[in-house]
Amino acid sequence: MTAQPYAPPPAMPPVKPAKFAALAWAALILGIIGVVGSPIIFLNNLTAVIAGVGFILGAIALFGSKKILAGIGVALCVAAIVFTVIAQQAAVEKLDEILNGTTNQGQVGNAGRGEGGVPADSPTWGKRYTWESGLAVDVTAPAACKPSDSAAPPNIERAVKITVTVTNGTSEPFDATLLSLGGDAQFNGARADQVYDFGGECAGGLESATVLPGKTFTYSVAYAVGPQPGEMQISFQPAFGADKAIYVGEA
């Protein structure tokens, strides 16, 4: 029996390296970074430069083997630059409004406004304050509450508790925690510290809550005040640069 001659397997064609594949991936990654960073003021200057570099790399990669990937990267880089320009223009317009005193000039019922955007007639307990945006706040009269032994700060002479109702008359959801930014409470010309009394009679505080358009949200907060009744002042500010709703009344 004659042995058959051994036939070697056919040689595999050499695998061509993907041309400019690394550049395509780099353009995609830099485009994603640019889009994510575009809404962040100050940081978006850097991410716009990154997106510009990604655009150049993606344009080169379009002549390689990963054309679709490179095209997506280029599109993301362009979008990042456009979003950055829009965000910065909006920030400049907002700053101009703040500097010109045209931001969120609200009203208290039919009260007029004094100089510098300050209400001519500050609201008091039970009176609604409405910002120009449509957001409104109502504050009840301070009611006495008895702090528990574990309440903070310690050695409270007297505590009062208010109930705040936020009404969202805008067309956008509102984060109720923003009212605490820049806000303060005073009693007889001195700072009134907030009382933290978890589970006690003075329990309460501003919790994180999203108030949808047309909806309301109510929360309570307590403050340490002097032993005798006096004048209390509480301010609310829904955003940086917005007018403050300053409530003044006896507590």
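Just the heavy atoms: all of them, side chains too, but no hydrogens, waters or symmetry mates, feed the values below.
Side chain of R158 to main chain of A144: no donor-acceptor pair is present (N/O by atom type, distance under 3.5 Å, no hydrogens or angles).
Ring geometry, Y247 versus W125: the interplanar angle falls under 30°, so the pair is classed parallel (tilted spans 30 to 60°).
Side chains of D175 and T210: no donor on one and acceptor on the other come within 3.5 Å.
Nearest heavy-atom pair, F236 versus W131, reported as atom, atom and distance to 0.1 Å: O-CZ2, 3.6 Å. Pairing each heavy atom of C202 with each of P147, the nearest pair is SG-N, 3.7 Å. The minimum heavy-atom distance between C145 and E201, with the atom names listed, is CA-OE2, 3.4 Å. Residues A51 and I81 come closest through the heavy atom pair CB-CG1, 4.0 Å. Looking at every heavy atom in both residues, A27 comes nearest to C77 through O-SG, 3.6 Å.
F217 places none of its side-chain heavy atoms less than 4.5 Å from the side chain of L212. A heavy-atom distance below 4.5 Å is found between the side chains of Q194 and Y196. Side-chain contact check for T218 versus V164: every heavy-atom pair is 4.5 Å or farther apart. Side-chain atoms of R128 and V137, non-hydrogen and from C-beta on, never get closer than 4.5 Å to each other. For the pair M232/V160, a side-chain contact is recorded, criterion being any heavy-atom separation below 4.5 Å from C-beta on. A heavy-atom distance below 4.5 Å is found between the side chains of T165 and T216. At least one side-chain heavy atom of P227 sits less than 4.5 Å from a side-chain heavy atom of E157.
Rounded to the nearest 0.5 Å, atoms CD (Q237) and CD1 (I246) are 9.5 Å apart. Taken from CD1 in I72 to CG in L28, the straight-line distance is 6.5 Å, to the nearest 0.5 Å. Atom CG of L57 is separated from atom CD1 of I29 by 11.0 Å, given to the nearest 0.5 angstrom. Note: I33 CD1 to S38 OG = 12.5 Å, rounded to the nearest 0.5 Å. The OG atom of S235 lies 4.5 Å from the NZ atom of K244; values are rounded to the nearest 0.5 Å. Once rounded to the nearest 0.5 Å, the distance linking OG1 of T124 with CD of E231 reads 9.0 Å.
Hydrophobic clustering (side-chain heavy atoms under 4.5 Å, transitive across Ile, Leu, Val, Met, Phe, Trp, Tyr) groups F63 together with I60. Transitive grouping of hydrophobic side chains (ILVMFWY, heavy atoms separated by less than 4.5 Å) keeps V195 and V225 in distinct clusters. Both W25 and V36 belong to a common hydrophobic cluster when Ile, Leu, Val, Met, Phe, Trp and Tyr are linked at side-chain heavy-atom distances under 4.5 angstrom. Tracing side-chain contacts under 4.5 Å through hydrophobic residues (I, L, V, M, F, W, Y), one reaches I32 starting from V35; they form part of the same cluster. There is no path of hydrophobic side-chain contacts, each under 4.5 Å, that joins V221 to I156.
Remark: A61 engages F20, L23, A24, A70 in a side chain to side chain contact (heavy atoms under 4.5 Å, CB included) (not counting sequence neighbours). For N168, the side chain to side chain contact (heavy atoms under 4.5 Å, CB included) partners are L135, T170, F174, V211, P213, not counting sequence neighbours.
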Trace of the side chain to side chain contact (heavy atoms under 4.5 Å, CB included) decision for Y223 with I162: CA-CA 8 Å; Y223 295 98; I162 63 171; 4.1 Å; yes

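Within the structure, the salt bridge (charged side-chain N to carboxylate O under 4.0 Å, His left out) test picks out no pair touching residues 77-87 (sequence neighbours left out).
Dense packing is recorded around CZ of F187, with more than 12 heavy atoms of other residues, nucleotides or ligands lying under 6.0 Å away.
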